[in-house]
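Naming: A, B, ... by sequence-line order, numbering from 1 per chain.
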2 protein chains.
Amino acid sequence: MATIYEVSELAGVSLATVSRVINDSGVVSPKTRDKVIEAMRELGYRPNTIAQSLATKRSNSVGVLIPELYGPFFGVILSSIEDELRTESKHVIITAGHSDEAIEKDGIEFLSSRNCDALILHVYAVSDEYIEQLRESNIPIVVIGRSVPGMESNCISIDNEQGGYAATKTLIELGHRQIATITGPLWKNDGKRRFEGYRRALDEFGLEFNPALQAEGDYEEASGRRGMRQLLEQEIPFTALVCANDEMAAGAVAVAQQRGISIPDDLSVIGFDNVYFTTYMNPALSTVHYPIEDMGRMAARCVLRDVYGMNGKAIQNRFEPRVVRRASTKGH
Amino acid sequence: MATIYEVSELAGVSLATVSRVINDSGVVSPKTRDKVIEAMRELGYRPNTIAQSLATKRSNSVGVLIPELYGPFFGVILSSIEDELRTESKHVIITAGHSDEAIEKDGIEFLSSRNCDALILHVYAVSDEYIEQLRESNIPIVVIGRSVPGMESNCISIDNEQGGYAATKTLIELGHRQIATITGPLWKNDGKRRFEGYRRALDEFGLEFNPALQAEGDYEEASGRRGMRQLLEQEIPFTALVCANDEMAAGAVAVAQQRGISIPDDLSVIGFDNVYFTTYMNPALSTVHYPIEDMGRMAARCVLRDVYGMNGKAIQNRFEPRVVRRASTKGH
DNA sequence: ATGTAAAATGTAAGCGGTTACATTCTATCT
DNA sequence: AGATAGAATGTAACCGCTTACATTTTACAT
């Protein structure tokens, strides 16, 4: 690969001049500019980004840490972040945190050591304090799916409690009175908040919360199946089920149908997230829309703004979930 | 951030010595090694990977270009590649090609300019010649999901024709005689091959191919819906349907069910890929297993072997699809 | 022609590491 | 004790670029 030095030789100018035309900085006479450009073309020259980074202390890379790289949810985050960043010639380095404190920390460490200009984090296990600390230390951070006190403007989050509430309320208004739930992991903030929303809706309508009608899952489909079996074993009748995400809803629905329970005739089910496969299900799953694509985009814009000084695009930090009614819920 | 220079000062040794202990290279007496390590600890020193890259001409990053970052299929590739590479401290830079020649080329350009040590490519639009050329030019390439003549050992591929054949044969053996198909884009290699397999199976069992029972899709769910409507409009009866991927199958099934066609009683459907949501469907979708996770892993191992000289892990270049029978197919 | 300010270009010192080669210790042998 | 090989350490050039500052050109006014 040709270097800037060879270009300068061929063009008969100095290194600095070549650098100037590369970066469009400083003033270069049109004549020399042309000579340089021609020389670059002739040599097939492309700047070495590593050397540029070393000299400028800018790597133009942003690290993205998400729980998993697969799945209907995280793929979309990734996709929107990359899309937004790529148009500004920033590249994204990815790694997975697996919702485990040690792995998440390790991932952050890994990305920082890669000289990322900024980090976009979707983390569960790591504490608010740790995140706060990170920010103070050195590297710009944007947190997604969580609101860290004191750094709200660098967080892109959604009101999970409201989502859980809305889902449950929808069912209640449909006439259901025995409403079971399969929650997310209660140690995860969003799992907890969605559950709290469920509780609030029950309270508000004077329905008593029955712990036997609650099962805790882990957001994976298998735990939805387990949860459903567990609920059924209680032999306490219920006519509706709110699940803390769509995957678990899919698992629950599968078990129910297997046992001859008709959805939505015998049981109304609502999920959460509105991932794409909800419309492939039979019946199509009612759910709570989580604007994950927009949120990823906003996270990217945050770093564009804070780190690369690019403004212009609007940023929304807080989102509201909204219920999407499909065929898996009906009146009772 | 502390530099190697500060460490050398504090430890009272030369730059070279510090570098030696960082890289475990050369001989360093245990005493000095300890001094250096202590100094690094004290300063919280971490090597600057950018500077290392510049000096060694190794960025320890591998670029991954896939059609899309979202979706059930590509997430899994990404996940397995990252997983495999991360354990060796290599990081992955991602970008999407959107199955468009210009965008794919641009993505390759983008990744190379990022000084990736190697590229893992899942590309459709770009020609074999272009890929071959790339390899000759400079940067190590591993191609996934496609076999480029002359560089088979750097390709991780699967026998799509065989997959299409097996899917169709399964249906035929179940007693079906009118078998429709919704193909992938026929300009894409895998779409074409799967379709060819379908044709071969028909031939082999003496069934005539009826063009009216073929619709071309684009691998997206919506095109499965469109395809199904189109097939139904022909008013030519068919009792089975082979789809070139699971998403289109999901779309086709949804349309069928909407029109009161029972799966599998009235119509047997088989997909392709065996992505995770096939088991969420009702009925669960029969499909052809595409070992995408293994293939991603193998691609990663290829670069580990070829670029970073790490052997030891077995590599398989060619994979065989196999039919997975679930509830969406039955005898006729 | 001469002086001067502004425009254009060049010089050289970093950025933070690696590494070939040179130099200095150490230990062993005679 | 002196010679010597091998181990340990140091020196300095280099990776390819940016940029503060110095120098040279150019254009224009006098």
Novice: As a test of your reading of the structure, name each stem of DNA chain D as range with range, where a stem is three or more consecutive Watson-Crick or G-U pairs at under 3.5 Å.
Specialist: C:1-30 with D:1-30
Novice: For the pair made of CD1 in Ile22(A) and P in dC17(D), what is the distance, rounded to whole Å?
Specialist: 6 Å
Novice: I want to check something: taking the side chain as every heavy atom from C-beta on, are Asp128(A) and Pro149(A) in contact at a cut-off of under 4.5 Å?
Specialist: yes
Novice: For the residue pair Asp273(B) / Tyr219(B), report whether a side-chain donor-acceptor contact shorter than 3.5 Å exists.
Specialist: no
Novice: Looking only at non-hydrogen atoms, find the nearest pair between Leu78(B) and Leu69(A) and report the distance.
Specialist: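 In terms of heavy atoms, the two residues are closest at O-CD2, 4.0 Å.
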Novice: Return the value, rounded to whole Å, for the distance between atom CD1 of Ile4(B) and atom C1' of dT9(D).
Specialist: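 Taking CD1 of Ile4(B) and C1' of dT9(D), I get 14 Å after rounding.
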Novice: More 5' along DNA chain D: Ala51(B) or Thr17(B), using each one's nearest nucleotide?
Specialist: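 The answer here is Thr17(B).
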Novice: By the 4.0 Å heavy-atom rule, please label Ser53(B) as base, sugar-phosphate, or nothing.
Specialist: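 Nothing: the residue Ser53(B), judged by heavy atoms under 4.0 Å, touches no strand.
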Novice: So Ser25(B), base contact, sugar-phosphate only, or nothing? Heavy-atom distance under 4.0 Å.
Specialist: nothing
Novice: Search all heavy atoms of Ala125(B) against all heavy atoms of Glu104(B) and return the closest pair with its distance.
Specialist: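 The pair with the smallest heavy-atom distance is N-OE1, 2.9 Å.
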Novice: Side chains of Ser61(A) and Arg114(A) only: does a donor on one sit below 3.5 Å from an acceptor on the other?
Specialist: no
Novice: Let me know which of Ile103(A), Leu121(A), Ile131(A) forms a side chain to side chain contact (heavy atoms under 4.5 Å, CB included) with Val126(A).
Specialist: Ile131(A)
Novice: With a strict under 4.0 Å distance from non-hydrogen atoms of chain B, what nucleotide opens and what nucleotide closes the contacted stretch of DNA chain C, reading 5' to 3'?
Specialist: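 First-to-last contact on DNA chain C, by the 4.0 Å heavy-atom rule, is dG16(C) to dA20(C).
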Novice: More 5' along DNA chain C: Val28(A) or Arg46(B), using each one's nearest nucleotide?
Specialist: Val28(A)
Novice: Between dA12(D) atom C1' and Arg20(B) atom CZ, what is the distance in whole Å?
Specialist: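 Rounded to whole Å, this separation is 13 Å.
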Novice: How close do Ile81(B) and Ala300(B) get, counting heavy atoms only, and between which atoms?
Specialist: O-CB, 4.1 Å
Novice: Using a cut-off of 4.0 Å on non-hydrogen atoms, how would the nucleic acid contact of Ser19(A) be classed: base, sugar-phosphate, or nothing?
Specialist: base
Novice: Compare all side-chain heavy atoms of Ile144(A) with those of Ile77(A) and state whether any distance is below 4.5 angstrom.
Specialist: yes
Novice: In whole angstrom, what separates Glu6(A)'s CD from dC15(D)'s C1'?
Specialist: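 About 13 Å, once rounded to whole Å.
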Novice: Could you tell me whether a side-chain N or O of Asp218(A) sits under 3.5 Å from a main-chain N or O of Pro185(A), the two making a donor and an acceptor?
Specialist: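 Not a single qualifying donor-acceptor pair exists.
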Novice: Distance check: side-chain N/O of Asn48(A) vs OP1/OP2 of dC15(D), anything under 4.0 Å?
Specialist: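 No, outside the criterion.
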Novice: May I ask you to say what Val18(B) touches in the nucleic acid, namely base, sugar-phosphate or nothing, with a heavy-atom cut-off under 4.0 Å?
Specialist: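 The residue Val18(B) makes no contact with any strand.
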Novice: Go through the side-chain N and O atoms of Arg86(A) and Thr95(B) and say whether any donor and acceptor fall under 3.5 Å apart.
Specialist: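 Side-chain D/A pair, Arg86(A) to Thr95(B): present.
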Novice: Rounded to whole Å, how long is the line connecting atom CD of Glu9(B) with atom C1' of dT9(D)?
Specialist: 16 Å
Novice: Calculate the interatomic distance between Leu43(A) atom CG and dG16(D) atom P; express it in whole Å.
Specialist: 14 Å
Novice: How many Å lie between CG on Leu54(B) and C1' on dC15(D), as a whole number?
Specialist: 4 Å
Novice: Select from Val13(A) and Gln52(B) the residue whose nearest nucleotide in DNA chain C is closer to the 5' end of that strand.
Specialist: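 Final value for this comparison: Val13(A).
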